[in-house]
Amino acid sequence: MNYSSSTKTVPDAGLMPKHIAIIMDGNGRWATKRFLPRVAGHVKGVDAVRGIVEACIKRDIQFLTLFAFSSENWRRPADEVSLLMRLFVTALEKEVKKMHDNNIRLKIVGDLSRFDLALQDAIQKAEELTAANTRLTVTICANYGGRWDIVQAVNKLTSNGQAASDITEEMLESQLSMAYAPEPDLFIRTGGETRISNFLLWQLAYTELFFTDTFWPDFNGKSLDEAIASYQSRERRFGRTSAQLAEGTEA
Ligand code: IPE
Ligand code: IPE
Ligand code: MG
């Protein structure tokens, strides 16, 4: 099913967010602070992913989206890039079966054509195995960029014969790589930077943003609860006034 834009209705922010999207940042600095190589931070970061997936299941979150590798991260030193790729492959091999046993659906989104064929194959198999699972959808954004996503959606529409001048928001949304998920309710960035770094540019239009100095390897269930508590203290208005929301007169 494709979700229509969540900005049209007002979800109750007092409830659990349905969709949490996270920029997992600070692995390198976590390691450097301990006089370890940066890669040690990435290895620890994989453990943190496992912890947050479990925490989301316990809290009945339905969609968890994780930024693992951006289209700009190819600019890093070649040895760091190749270690990140190897970690990705190992994590897929080790975790997919466990995810399947826990009724988790796994999706990998991004320009996957740049990955080697063995990795592309492993991704396809993991997605197929877990496709019918319903408890939690975990999306890993790999070689992902928000600008790439919008451009590929436009390209798909126009190459299917759609006149560019008639493209609507709804049409474009339906071709985004995460059209299977509602827009994120809560965005979290760890590691102290307060920027979006070309993550889900379209989908974050009305997402509540939460930034924390905690480095990703240290981010745990308690940290997640702090972010959720902040989210639950907010009023989501999507352009309306507080009074409209209080009266329940929002259209
Ligand atoms: C995030 O941590 C992981 C990836 C981008 C792959 P970083 O590697 O960016 O860590 P810092 O920001 O250098 O500390
Ligand atoms: C963003 O982190 C991408 C991921 C976490 C995968 P970066 O650490 O690469 O972001 P910038 O370059 O500091 O903005
Ligand atoms: Mg970083």
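Atoms within a ligand are numbered from 1 in the order they appear, just like the ligands themselves.
Scanning the protein heavy atoms around atom 7 (P) of ligand 1, the nearest turns out to be Asp25 OD1, 3.5 Å. Arg189 NH2, 3.7 Å is the protein heavy atom nearest to atom 2 (O) of ligand 2. Arg195 NH2, 2.8 Å is the protein heavy atom nearest to atom 13 (O) of ligand 2. Summary of contacts: the protein heavy atom closest to atom 10 (O) of ligand 1 is Gly28 N, 2.9 Å.
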Checklist entry - Yes or no on side-chain contact (heavy atoms from CB on, under 4.5 Å) for Trp216 and Val49, after CA distance, side-chain angles and deciding distance? => result CA-CA 9 Å; Trp216 175 250; Val49 169; 3.9 Å; yes
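Ligand 2 is never approached by Arg29 to a heavy-atom distance shorter than 4.0 Å. Heavy-atom separations between Gly26 and ligand 1 include at least one value shorter than 4.0 Å. At least one heavy atom of Met24 sits closer than 4.0 Å to an atom of ligand 2.
The local environment of NZ in Lys44 is sparse, with at most 12 non-hydrogen atoms from other residues, nucleotides or ligands closer than 6.0 Å. Atom NZ of Lys97 sits in a sparse spot, with 12 or fewer heavy atoms from other residues, nucleotides or ligands closer than 6.0 Å. Summarising the local packing, CZ of Arg34 is surrounded by more than 12 heavy atoms from other residues, nucleotides or ligands at distances under 6.0 Å.
Looking at Asn73, its side chain does come within 3.5 Å of a backbone N or O of Ser70 through a donor-acceptor pair. Thr137 places no side-chain N or O within 3.5 Å of a backbone atom of Phe63 that could act as its donor or acceptor partner.
Inter-residue side-chain proximity for Trp202 and Leu172 is flagged as met; some heavy-atom pair is nearer than 4.5 Å.
Both tests pass for Lys107 against the ring of Tyr180: distance under 6.0 Å to the centre and angle within 45° of the axis.
The nearest N/O/S atom of Asp25 to the Mg ion (ligand 3) is OD1.
For ligand 1, the atoms sitting less than 4.0 Å from at least one non-hydrogen atom of His42 are 3 (C), 8 (O), numbered in the order shown with element in parentheses. Those atoms of ligand 2 that come under 4.0 Å of a heavy atom in Ile23, given as number and element, are 1 (C), 5 (C). Of all atoms in ligand 2, listed by their number and element, those nearer than 4.0 Å to a heavy atom of Ser197 are 10 (O), 11 (P), 14 (O). Per-residue contacts place Arg38 under 4.0 angstrom from the following atoms of ligand 1 (heavy atoms of the residue considered): 7 (P), 8 (O), 10 (O), 13 (O). Annotation for ligand 1: atoms under 4.0 Å from non-hydrogen atoms of Asn73 are 5 (C). The Ala68 neighbourhood of ligand 1 comprises atoms 6 (C), with distances under 4.0 Å to a heavy atom of that residue. Of all atoms in ligand 2, listed by their number and element, those nearer than 4.0 Å to a heavy atom of Arg76 are 7 (P), 8 (O), 9 (O).
Leu83 and Leu92 fall into different hydrophobic clusters, where Ile, Leu, Val, Met, Phe, Trp and Tyr side chains are chained together by heavy-atom contacts under 4.5 Å. A continuous path of Ile, Leu, Val, Met, Phe, Trp and Tyr side chains, each step under 4.5 Å between heavy atoms, connects Leu64 with Ile123, placing both in one hydrophobic cluster.
Side chains of Asp149 and Tyr144: a donor-acceptor N/O pair is present below 3.5 angstrom, by distance only.
Put simply, Glu193 stays out of reach of the Mg ion (ligand 3), with no N, O or S atom under 2.8 Å from it.
For the pair Ser70 and ligand 2, the shortest N or O to N or O distance does not fall below 3.5 Å.
Contacts between Phe69 and ligand 2 below 4.0 angstrom, taking non-hydrogen atoms only, involve the backbone exclusively.
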